[in-house]
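Structure record follows, encoded as structure tokens.
When a ligand or atom number is given, it counts from 1 through the structure's own listing order. The chain is numbered in sequence order, starting from 1.
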Amino acid sequence: MGSLNLKSIRKAFGNHEVLKGIDLEVKDGEFVIFVGPSGCGKSTLLRVIAGLEDATSGSVQIDGQEVVNTPPAKRGIAMVFQSYALYPHLTVKDNMGLGLKQMGAPKAEVDAKVAKASGMLSLEPYLARRPAELSGGQRQRVAIGRAIVREPKLFLFDEPLSNLDAALRVNTRLEIARLHRSLKATMIYVTHDQVEAMTLADKIVVLNAGQIEQIGSPMELYNKPANTFVAGFIGSPQMNLIEAGRLGEGQVKTIGIRPEHIKLSRDNGDWKSKVIHVEHLGADTILYLETEIAGLLTVRLFGEHRYDVDDIVYASPDKAAMHRFGADDRVLR
Ligand SMILES: Nc1ncnc2c1ncn2[C@@H]1O[C@H](COP(=O)(O)OP(=O)(O)OP(=O)(O)O)[C@@H](O)[C@H]1O
Ligand SMILES: [Mg+2]
């Protein structure tokens, strides 16, 4: 079991309030991802859940039990950090088994659990090495292995892959997804990476300045952003957010249209535009347009397209895919 319930969590450092009333329910076995701009409080929230930081007020319940006064080691949580935090003088095997050993587990049990975790993470060839003799990706797998060995109710990951190169990130991401399926454990994971968030999460929590902007499945957030912040934050390239005044739509303050929901033509269409920049990504072409009526516009076309800077084109948004936001920046339904 590993459900988590946060109620009205507030945290201030001095008179700087960093978490401003967080309510969140995580079900047993769920994979929940926290995203949000740098400094919005993601790591602080993880640390409050782990007990490494005391909340100023509010309640943290694990499996229905209040844990705000329970020390970190007794919460049944394992945390994996961006910096692997391995002991340099210990072998991989001893790094992985240390937590259990310190809790007084018999050697046979420690060995069996380390063997199982190292099998899951393909770490068997490295068990006798020290961290300095491993690559970054291998070190991060050891840090994850150390968490698995403790069989926690709840795994907390704070940007675990951000030190890895692109190819390794993809591999390790797949490994974490597989791990989640086989362990069926509850995981809470902080990332800046859109692809990680969209592919790993059952549920994404979008944080901004210490508050939750929206909670939903990746597709809910992508298709039904509740406000302009989430609309602009989820999706890459970003959704176009156009001042509606220019398009003459009454109570609508902002119109949102994703770059992939705009068609381009050289001959005719809704918004006459000039191409100001083109990015050829191979699978996609991203165009940046200057339009008279809608301002700066990003368009994403599937495949390769031969547009050049200063070309005149016509952009036509898919009207059914438009999002409309009111004066309070919330979506109008
Ligand atoms: N121990 C501390 N003392 C004072 N202020 C702190 C402390 N820890 C964090 N803060 C502040 O709290 C805010 C939130 O920090 P936090 O590390 O939670 O952000 P984050 O969302 O994890 O950012 P990032 O994406 O850059 O990791 C920041 O303004 C930070 O400066
Ligand atoms: Mg952080």
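The closest approach between any non-hydrogen atom of E53 and ligand 1 is not below 4.0 Å. Within the 4.0 Å heavy-atom cutoff, R47 does not count among the residues contacting ligand 1.
Geometrically, ligand 1 and H16 share no nitrogen or oxygen pair separated by less than 3.5 Å. Between G36 and ligand 1, no pair of N/O atoms sits closer than 3.5 Å.
Closest to atom 26 (O) of ligand 1, if we only count protein heavy atoms, is S38 OG, 2.5 Å. Among protein heavy atoms, atom 17 (O) of ligand 1 sits closest to S43 CB, 3.7 Å. For atom 12 (O) of ligand 1, the nearest non-hydrogen atom of the protein is V18 CG2, 3.2 Å. If you check which protein heavy atom lies closest to atom 25 (O) of ligand 1, you get K42 NZ, 2.7 Å. Ranking protein heavy atoms by distance to atom 10 (N) of ligand 1, first place goes to F13 CE1, 3.5 Å. Atom 18 (O) of ligand 1 has as its closest protein heavy atom T44 OG1, 2.5 Å. The nearest heavy-atom contact from the protein to atom 23 (O) of ligand 1 is G39 N, 2.8 Å.
Cation-pi check for R258 over Y222 is met; the charged atom lies under 6.0 angstrom from the ring centroid and within 45 degrees of its normal.
Ring geometry, F229 versus F233: the interplanar angle falls under 30°, so the pair is classed parallel (tilted spans 30 to 60°).
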Worked check of side-chain hydrogen bond (donor to acceptor under 3.5 Å, both in side chains) between E159 and Y189: CA-CA 7 Å; E159 305 198 46; Y189 188 107; over 6 Å; no

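Judged purely by atom type and a 3.5 angstrom limit, R324 has no side-chain atom pairing as donor or acceptor with the backbone of T254.
By the 4.5 Å heavy-atom criterion applied to side chains, V278 and H280 are counted as neighbours.
Near G41, meaning under 4.0 Å from any of its heavy atoms, are these atoms of ligand 1: 14 (C), 18 (O), 19 (O), 20 (P), 21 (O). Close approach of ligand 1 to H192 (heavy-atom distance below 4.0 Å) involves ligand atoms 25 (O).
Remark: the S59 side chain and the E66 side chain contain an N/O donor-acceptor pair separated by less than 3.5 Å. With no hydrogens or angles considered, no side-chain donor-acceptor pair links N227 and Q214 at under 3.5 Å.
Screening L200, V35, D158 for a side chain to side chain contact (heavy atoms under 4.5 Å, CB included) involving T191 leaves a single residue, V35.
Using a cut-off of 4.0 Å between Lys/Arg side-chain N and Asp/Glu carboxylate O, D284 and R300 are scored as salt-bridged. Using a 4.0 Å cut-off between charged nitrogen and carboxylate oxygen, D63 and K153 count as a salt-bridge pair.
The nearest non-hydrogen atom to atom 27 (O) of ligand 1, considering only E159, Q82, E17, K11, comes from E159.
Per-atom contact check: atom 30 (C) of ligand 1 does not touch the protein, criterion being a heavy-atom distance below 4.0 Å.
Distances from the Mg ion (ligand 2) show that S43 has an N/O/S atom below 2.8 Å.
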